[in-house]
Amino acid sequence: MRRAYEIAELAPELDLLIGSDDVLLELALAGAKGWIAGYPNALPESSAALYRAAVAGDLETALPLYRSLHPLLRWDSKTEFVQAIKLSMDLAGRHGGRCRPPRQPLTDEQAAIVRAATEKALAEGLR
């Protein structure tokens, strides 16, 4: 995120992409043209709505979605992001399944955090 404006200055012909879920809003507002995403696999409709609102600069729509999704989006910058996404997918009724080695399962504590955040998002109607 820190380098978004510098990259635009140094290479204006390049399209900036969002590469980490937990800085989506900030990079969209900085002019990003796309999102290489992880968590939308679990909550695709809400994630797409967030992305569209963010790139349109519609903060009235984007901010509440971002705040609701951020406890999950921030897993994208952790080593266990794949495991977290797959657990959220399972909870949302999409097949996530187990991770292949060398990835290890989430700890019970990590799984509880992901489960609570996912269940809260689903209870809020996020899909």
Side-chain angles (χ1 to χ4, degrees):
M1 178 57 228
R2 282 182 218 154
R3 298 194 57 222
Y5 296 100
E6 182 181 11
I7 290 167
E9 292 165 10
L10 295 173
E13 70 282 1
L14 293 180
D15 286 337
L16 179 66
L17 299 178
I18 301 159
S20 186
D21 295 349
D22 60 344
V23 291
L24 170 125
L25 181 60
E26 296 84 354
L27 284 168
L29 294 174
K33 304 294 184 198
W35 183 17
I36 300 167
Y39 242 99
N41 288 291
L43 299 168
E45 294 171 32
S46 299
S47 298
L50 169 58
Y51 173 76
R52 285 191 300 271
V55 296
D58 178 3
L59 294 178
E60 188 175 324
T61 301
L63 275 173
L65 280 169
Y66 197 46
R67 286 185 181 117
S68 293
L69 288 169
H70 210 271
L72 294 169
L73 297 178
R74 72 179 64 117
W75 280 91
D76 190 53
S77 59
K78 298 181 185 199
T79 305
E80 304 84 6
F81 73 101
V82 172
Q83 297 92 313
I85 292 166
K86 285 177 165 280
L87 175 56
S88 289
M89 288 173 68
D90 287 337
L91 294 169
R94 294 171 172 75
H95 178 69
R98 300 176 69 168
C99 286
R100 294 181 305 228
R103 293 193 180 274
Q104 299 296 309
L106 295 172
T107 65
D108 290 342
E109 180 182 346
Q110 290 169 326
I113 292 167
V114 171
R115 185 173 281 106
T118 304
E119 289 172 351
K120 183 175 187 291
L122 293 170
E124 291 175 3
L126 300 179
R127 300 280 178 251

Can you tell me how far apart [atom1] ([X]) and [atom2] ([Y]) are? Round to the nearest 0.5 Å.
X      : Y      : atom1 : atom2 : answer
Leu91  : Leu72  : CG    : CG    : 9.5 Å
Arg115 : Asp108 : CZ    : CG    : 9.0 Å
Asp76  : Ile18  : CG    : CD1   : 11.5 Å
Leu17  : Asp15  : CG    : CG    : 7.0 Å
Lys86  : Arg98  : NZ    : CZ    : 11.0 Å

Please report the shortest heavy-atom distance between [X] and [Y], naming the atom on each side.
X      : Y     : result
Leu29  : Ala54 : CD2-O, 3.9 Å
Ala92  : Leu43 : CB-CD2, 4.3 Å
Leu27  : Ala4  : CD2-CB, 3.7 Å
Cys99  : Val82 : SG-CG1, 3.5 Å
Gln104 : Gln83 : O-NE2, 2.7 Å
Ala62  : Leu50 : O-CD1, 3.5 Å

Taking the side chain as every heavy atom from C-beta outward, state whether [X] and [Y] have any pair of such atoms under 4.5 Å apart.
X      : Y      : result
Leu24  : Leu69  : no
Leu122 : Arg127 : yes
Pro44  : Arg94  : yes
Trp75  : Ile113 : yes
Leu87  : Thr118 : no

Would you say Lys33 has more than 12 foreign heavy atoms packed within less than 6.0 Å of its NZ?
->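 No.
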Keeping to residues at least two apart or across chains, list the side-chain hydrogen bond (donor to acceptor under 3.5 Å, both in side chains) pairs with something in residues 37-53.
-> Tyr39-Ser88
Go through the structure and list residues passing side-chain contact (heavy atoms from CB on, under 4.5 Å) with Glu60, not counting sequence neighbours.
->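 side-chain contact (heavy atoms from CB on, under 4.5 Å) check on Glu60 returns Asp58.
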Just by modelled atom types, is the [Y] backbone N or O under 3.5 Å from a matching donor or acceptor in the [X] side chain?
X     : Y     : answer
Ser68 : Leu65 : no
Asp90 : Gly97 : yes
Tyr66 : Asp22 : yes

